[in-house]
Amino acid sequence: MTKLSTLVTLRQRSLCAIFTEDQKDTSVELAFKYAVYRINKDKDLLPNTTLVYDIQYVPRDDSFRTSKKACRQMEFGVQAIFGPSDPVLGAHIQSICEALDVPHLEARIDFEPFSKELSINLHPSQELMNKAFRDLMTYLNWTKVAIIYEEDYGIPFLGGNNFFPCDLQYSNLLSFAHGLFKLQELVKAPDSAKTEMYIRQAGPTSYRQVLREVRHKEIFKLIVDTNPRHIHHFFRAILQLQMNDYRYHYMFTTFDLETLDLEDFKYNSVNITSFRIVDVDNKKVQDTLGIMENFQPIGHAILNRSGVIQAEPALIFDSVYVFAKGLSAMESGHTIKPTNLSCDLEKPWDDGLSLYNYIDAVAGLQGLTGNIEFNEGKRSNFKMDLLKLKKEEIKKVGHWTSSGGINITDPNAFYEKNTPNITLVVMTREEKPYVMVKKDTNLTGNARFEGFCIDLLKSIAGQVQFDYVIRLVPDHMYGVYDPETKEWNGIVKELKEKRADLAVASMTINYARESVIDFTKPFMNLGIGILFKMPTSQPTRLFSFMNPLAIEIWLYVLAAYMLVSFTLFVMARFSPYEWNNPHPCHQDSDVVENQFSVSNSFWFITGTFLRQGSGLNPKATSTRIVGGIWWFFTLIIISSYTANLAAFLTVERMITPIETAQDLADQTEISYGTLEGGSTMTFFRDSKIEIYQKMWRIMENRLPSVFVSTYEEGIQKVLEGNYAFLMESTMIDYAVQRDCNLTQIGGLLDSKGYGIATPKGSPWRDKISLAILELQEKGVIQILYDRWWKNTGDVCTRDDKSKESKANALGVENIGGVFVVLLCGLALAILVAILEFCWNSKKNAQTDRQSLCSEMAEELRFAVRCHGSRQRPALRRSCTRCSPATTYVPAALDLPHLNGDGLVLPMTDLKKSPINYEIDT
Ligand code: ASP
């Protein structure tokens, strides 16, 4: 037996402590030794008594040897046994103490509701602990709670990961297991009917799985009753599953929260609470701890580095003082006769029960664990501090007493009224210019990001009042539903599984997503467009002068030319006023001549079309109408051609092989694709419109894949050529403004918007929608758009002329009217020619005294028979020969002569308008 005291005193009292082997040299053992040392040294409790002690170390799983060691101690005449803390070993020692009437001082949680003889337990009973938890749950108004307990004492019945939904009919079953037994009172509480409880057993290997199930059930309040030695496994599982935000509240049953490393939980608003039994606010306790700090044996520590003592050593320390106080009370009135006891004889110690009663009656002792009083060996009238991890440190926010219940001294501890201090997890994806990671690698947290969405988030957070932490989505996708695996991916999955509170990104609102997550009002409107490479300039062609008029116009002009020439020829033959005397000097000559032979008609029409003279002039009204209308036609055609040619010469014509989505679908040469895992892809995949279905089939089957994982990759493919990228118009605008080699072709295929996404039923959605509308109305969103799209300094200058002024060939729709006018003119001319013909026939019929019909028939026959000159039928001479050959009056022959009207014409006039003469042989 180790003798600590070297003083010679009147009495010696022997104590025995039984510690498990793993407690050797720990703070528990040191606290015991230190308590004995202090009592012997101070002499204020036991002035005439010296305490001596013996410590026995026992294996945790060996109750036989433990009992044997206890019996040996009894033989040496011990006055009390301390420990052990193991419940199974403790139960054996308890029965020995009971048999021999030796006080048994313990500091372990006692889950048995009934009192035990000769047992003094410094640890508050499970019953009172449950009451404290219940009071706190009621105060916090918890309606859905998960209880995770650890099977730490080898109870075999509930091995594995059984799941027991809380239901009273299970209560019998629950009582079998220690963990569940401990929690039975909680479950049975009268107001627990309102509370939905999930009880789950877990150990270091199954914490993660159990926590995942709790998360899946959307339970955010947890009571955790684990072995403190395993708690770091539990913390790790919380971090791994990201169950460490403001929504989660963990209530730990350990008294030693302050001694745990909570560094990983300090900055993300997770709620952690627990009770503390050590009364650190007490001045006396502070003094004791201060002394203890200075007297710790070198190499061993009772207090941790921050001067905090754990609950168990504190309780052991107090138990020695309790014994000393009880002993002192007894010694003042009685003489204690120590006797050597024997387990074999089972003869109890005569003074044992009295000593126990004196210890049980101890009152007003202020120990490390506050006021110490007992009721049938169980701790009563004590106080526990309520601790909460708050603003990056653990703070006392209230206390609990068995008589007064819960008393919260910090009203803002759980419901922060002024500043919500809520930190939301914001999921996003890197996307220019919405979210970009800054190049500076020294930056941390939210400062690492910039972009339109980051600025928008900042404004919204300021308005709605929340803090946020930005996280990038692990798989770098917006989120699509896979019908085969029946799973979502990307941001949608993160929100669905509640790993984020918001998603602020260029996230398109669509039907499929809206059915699994919520969206706010859109902050930007857009549609799907086609990004394509700027077409190259058209190469100059030899016959590009033909371009101003469409090919059909050229054909129509040619047809008009033939038609008008022929009409002129025919009309000239029918019209009597086009037949002239080739020899005006010979008034009686019956030879007449027509200037509009076939070739002359074509020549006249050609000359006038090209704005040149032909030397021919129509004389009859009908032919003049033809000429006039033709001149009008040529005026319009030539003017239009000239004007459009000018446009064609100044405008650089671009070749765009595709103009619309239809063009894309109708060809196979140019491949096209979308971003993978986004709404654009699902637009085509789920579309019921035939052309988009066709496009989807082509995209899906094309090899190598036409889908890209980033917009940058898509743009790069477009620049490489022969690829059209189907992307959202806002992104197209950004890309096109920055690279003049890119252009958008066609219009938008649909119309939709970007919204901020939240998990289904999120309370933030409406608040954020309101904020978005306000920001829109104030023009803040437009300012942000301009900042990130236009004023970034990297916008390329585009030659707008080439894009806007596009010259097109004139078609029938442009100048078709002039052909109509021409046809009408020709019709009029034909009518007038018929009238002229009739009028002349009538006149000649009177002269020749013939019937009108025969005259007309004769004139008609004559008109169609010949071409060139003829003998007029009116003179009743037959035309012997019609010769087209003509002779012109030589210019030298400057003789005055008579014209048909008997006028003398100067020769110069004749030269100007030469008259054809026919040499009649
Ligand atoms: N913004 C789109 C989305 O939310 C991406 C895309 O598919 O173009 O999925």
Side-chain angles (χ1 to χ4, degrees), residues 426-436 451-454 456-457 472-482 487-496 500 502-532 661 664 672-687 692 695-696 699-700 705-718 723-736 742 744 746 748-759 772 785 788-789:
V426 178
M427 198 54 73
T428 192
R429 173 195 145 122
E430 220 185 315
E431 193 76 82
K432 270 186 190 170
Y434 299 93
V435 178
M436 295 173 285
F452 173 84
C453 281
I454 304 298
L456 181 68
L457 177 63
L472 290 175
V473 61
D475 63 3
H476 203 68
M477 296 221 185
Y478 286 97
V480 289
Y481 179 71
D482 185 342
E487 282 207 10
W488 283 88
N489 61 14
I491 296 177
V492 180
K493 183 179 180 191
E494 297 297 305
L495 288 174
K496 227 179 136 248
L502 299 179
V504 184
S506 49
M507 182 91 178
T508 311
I509 306 170
N510 66 13
Y511 167 76
R513 288 176 182 170
E514 185 76 64
S515 51
V516 289
I517 54 172
D518 279 348
F519 278 100
T520 60
K521 296 261 179 301
F523 59 83
M524 204 179 248
N525 295 313
L526 59 127
I528 297 174
I530 305 168
L531 183 77
F532 201 60
L664 269 184
Y672 46 92
T674 69
L675 183 78
E676 191 162 15
S679 61
T680 311
M681 188 181 111
T682 48
F683 169 82
F684 288 96
R685 191 186 69 184
D686 304 338
S687 178
Y692 301 144
M695 288 172 81
W696 171 249
M699 285 193 264
E700 206 184 12
S705 172
V706 289
F707 298 107
V708 294
S709 51
T710 59
Y711 273 112
E712 281 77 35
E713 195 185 328
I715 292 167
Q716 194 49 44
K717 278 186 105 167
V718 170
Y723 181 79
F725 189 38
L726 295 150
M727 67 196 279
E728 290 171 339
S729 54
T730 44
M731 310 269 192
I732 294 184
D733 288 349
Y734 184 78
V736 162
L742 295 170
Q744 176 180 354
L748 301 183
L749 312 191
D750 65 349
S751 161
K752 50 203 178 184
Y754 289 149
I756 292 177
T758 64
I772 287 176
Y785 179 86
W788 290 104
W789 264 257

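Start at 1 and go down the list; that is how both ligands and their atoms are numbered. Heads up: numbering here begins at 1 and tracks the sequence.
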Nearest option to atom 7 (O) of ligand 1, as decided by whichever heavy atom of V492, T508, T680, T730 sits closest: T680

L675: numbered ligand 1 atoms lying under 4.0 Å from its heavy atoms: 5 (C), 6 (C)

Parallel, tilted or perpendicular: rings of F523 and Y754 (30°, 60°): tilted

Enumerated ligand 1 atoms positioned under 4.0 Å from heavy atoms of Y754: 1 (N)

Aromatic ring proximity, centroids under 6.0 angstrom, F452 and W789: yes

Polar side chain donor-acceptor pair, E728 to S506, under 3.5 angstrom: no

Closest contact, heavy atoms only, G753 versus P522: CA-CB, 4.1 Å

Close approach of R513 to ligand 1, heavy atoms, under 4.0 angstrom: yes

Test item, M507 contacting ligand 1 (heavy atom, 4.0 angstrom): yes

T520 side, atom OG1; I509 side, atom CD1 - distance, nearest 0.5 Å: 6.0 Å

Ligand 1 atoms in contact with G678 (distance to a heavy atom under 4.0 Å): 7 (O), 9 (O)

Subset of ligand 1 atoms that lie under 4.0 Å from at least one heavy atom of S679: 2 (C), 3 (C), 4 (O), 6 (C), 7 (O), 9 (O)

Those atoms of ligand 1 less than 4.0 Å from some heavy atom in Y478: 3 (C), 4 (O), 5 (C), 9 (O)

Main-chain N/O of L526 paired with S729 side-chain donor or acceptor, under 3.5 Å: no

Inter-residue atom distance T674.OG1 - F725.CZ, 0.5 Å rounding: 6.5 Å

Y711 to ligand 1, any heavy atom closer than 4.0 Å: yes

